[in-house]
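If you're wondering where the values come from, they're calculated on a predicted model, not measured in any experiment.
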Amino acid sequence: MAQHHEIPFTPDTMVRGILDATLPPVLTVASGDTVTLSSLPAGGLGSLPPDAARVPKIWREGLAAHPREGGHFMCGPVFVTGAKVGDTLQVDILEAKPWMDFGFVSILPLLGTLPEEFTDYETIHPPIDAARGVTMLPWGLELPLDPFFGIMAVAPPAAWGPCSSIQPRAFGGNMDNKELKPGTTLYLPVFNEGALFMAGDGHGVQGDGEVCITALETGLTGTFRLTVRHDLHLLRPFAESPTHLISIGIDEDLDDAAKQAVREMVDHVCSRTNLSRNQAYMLCSLAGDLRVTQTVDGNKGVHMMLAKDKI
């Protein structure tokens, strides 16, 4: 019978800035178990609000224990028993909710989609009303919350050594894909025994593109079901919601990321139907929605949404 686990929210269960196959797991679970974890927002001391009383104690403890500047706070890794190299880890995203009553949005030097144009650097700290499900921006606009984890990942191949948390890659990582929210299932290729799952970089709400460099960065608590799939042998992340297939392209070049997202969707449509590659490609042109995931993480992201009732 599947069990539920909760990872303590302490600096000892946090990693900052790197994904690495040599990191020791903070928890071992069986395939099919559920795990609840919490994460700190991305960002360093410059992300904190001026009013020290607003800063959660755990955020200050995390920064003190992990002083490396840059990168993201993540919780994990979680070792999933039975996961072998070449398998796929199925991550059912069951819950993502803010535990903080504010977040931050920044314009930072040399970052974002238009760094040469936006040099009046600024950080705001919009309050979050979790009960109403909104955040309030300083100019009076309320936006509905739509929380998700910017980072969900397995450990990279050991031969790659430590990888920055900033660039998403084949192991997942900082995909910043707002479609990867509760109710969605993410599939990640396994590169190490136990998969070594991690999550972090909580977002309260984000538009496709994440153009200024941040979403509404905030602390999230999330619950995931982690299942080893010996029958799937993916090379890159893929996802599905109750209504859509979601292919994920990641590359330094936006055109190549788009090509990857289309190619992945064609392959998945062919694997699920009797359509030829030509037919699947035409279907993607007629019914697939190609979207820019993010343009700010070094490796850019493009994802395609294809309604399941079209296949």
Side-chain angles (χ1 to χ4, degrees), residues 11 14-17 38-75 96-130 132-151 164-168 173-178 199-221 293-298 300-301:
M14 298 176 191
V15 176
R16 189 178 183 197
S38 297
S39 69
L40 291 174
L45 292 172
S47 306
L48 303 181
D51 181 1
R54 297 183 67 192
V55 181
K57 179 183 177 183
I58 186 62
W59 199 356
R60 291 197 178 278
E61 291 174 345
L63 288 168
H66 302 276
R68 171 193 173 107
E69 284 298 325
H72 308 79
F73 281 101
M74 297 161 285
C75 182
K97 60 183 182 181
W99 60 263
M100 287 173 51
D101 62 3
F102 70 93
F104 73 86
V105 185
S106 292
I107 299 172
L108 298 170
L110 305 179
L111 299 174
T113 306
L114 300 172
E116 65 285 346
E117 295 185 31
F118 287 86
T119 56
D120 186 11
Y121 307 123
E122 182 178 5
T123 295
I124 61 174
H125 297 88
I128 289 173
D129 186 334
R132 294 177 55 227
V134 298
T135 184
M136 290 73 74
L137 300 180
W139 52 91
L141 176 67
E142 284 192 348
L143 286 179
L145 296 175
D146 194 11
F148 70 98
F149 286 84
I151 292 179
S164 169
S165 67
I166 295 173
Q167 295 85 18
N174 191 32
M175 294 178 286
D176 287 335
N177 188 326
K178 72 177 188 177
D201 188 28
H203 293 171
V205 65
Q206 178 201 295
D208 284 330
E210 199 187 20
V211 295
C212 85
I213 191 55
T214 73
L216 177 65
E217 309 290 332
T218 192
L220 294 187
T221 296
T293 317
Q294 55 77 24
T295 58
V296 297
D297 294 331
K300 299 175 177 65

Close side-chain approach of Arg132 to Leu145, heavy-atom, < 4.5 Å | no

Any salt bridge (charged side-chain N to carboxylate O under 4.0 Å, His left out) involving residues 206-215? Give me the pairs, sequence neighbours left out, ordered by first then second residue.
-> none

Non-hydrogen side-chain atoms of Leu216 and Ile128 separated by less than 4.5 Å | yes

Indicate the atoms forming the closest heavy-atom contact of Pro98 with Pro147, along with that distance.
-> CD-CG, 4.2 Å

If we only count heavy atoms from C-beta on, is the Asp101 to Pro127 side-chain gap below 4.5 Å?
-> no

Partners meeting ring-ring contact (aromatic ring centres under 6.0 Å, His included) with Phe73 (sequence neighbours left out) | none

Value rounded to 0.5 Å, distance of CG in Asp297 from CE in Met175 = 11.0 Å

Rounded distance [0.5 Å steps], CE in Met74 versus CD1 in Ile151 | 5.0 Å

His125 side chain vs Ser47 backbone, donor-acceptor pair below 3.5 Å | yes

Of all the heavy-atom pairs spanning Arg54 and Pro49, show the shortest one and how long it is.
-> CB-CG, 4.0 Å

Minimum-distance pair of heavy atoms, taken over all atoms of Ala65 and Pro11 = CB-CB, 3.6 Å

Heavy-atom closest pair, residues His203 and Gly150 = CE1-CA, 4.0 Å

Can you tell if the side chain of Val105 reaches within under 4.5 Å of the side chain of Leu137, non-hydrogen atoms only?
-> no

Rounded to the nearest 0.5 Å, how far apart are CG of Asp201 and OG of Ser165?
-> 8.0 Å

Closest contact, heavy atoms only, Pro126 versus Thr135 | CB-OG1, 3.4 Å

Say you draw a straight line from CD of Gln294 to CD of Gln206; how long is it, rounded to the nearest 0.5 Å?
-> 8.0 Å

Would you give the length of the straight line joining atom OG1 of Thr293 to atom CG of Asn177, rounded to the nearest 0.5 angstrom?
-> 5.0 Å

Residue pair Ser39 / Ala199: nearest heavy atoms and the distance that separates them | CB-O, 4.4 Å

Between the side chain of Thr218 and the main-chain N/O of Phe102, is any donor-acceptor distance below 3.5 Å?
-> yes

When rounded to the nearest 0.5 angstrom, what is the spacing between OG1 in Thr221 and CZ in Phe149?
-> 6.5 Å

Is the side chain of Glu61 donor-acceptor paired with the backbone N or O of Trp59 at a distance under 3.5 Å, no angle test?
-> no

Throw together a table of side-chain donor-acceptor distances under 3.5 angstrom for residues 106-122, partners on residues two or more places apart or in other chains.
from: Ser106; atom 1: OG; to: Thr123; atom 2: OG1; distance (Å): 2.8
from: Thr113; atom 1: OG1; to: Val211; atom 2: O; distance (Å): 3.1
from: Thr113; atom 1: OG1; to: Thr295; atom 2: OG1; distance (Å): 2.7

Arg16 side chain vs His66 backbone, donor-acceptor pair below 3.5 Å = yes

If only atom types and distance count, is the side chain of Trp99 paired as donor or acceptor with the main-chain N or O of Leu40 below 3.5 Å?
-> no

Given side chains that start at C-beta, do those of Met136 and Asp129 come closer than 4.5 Å, heavy atoms only?
-> yes

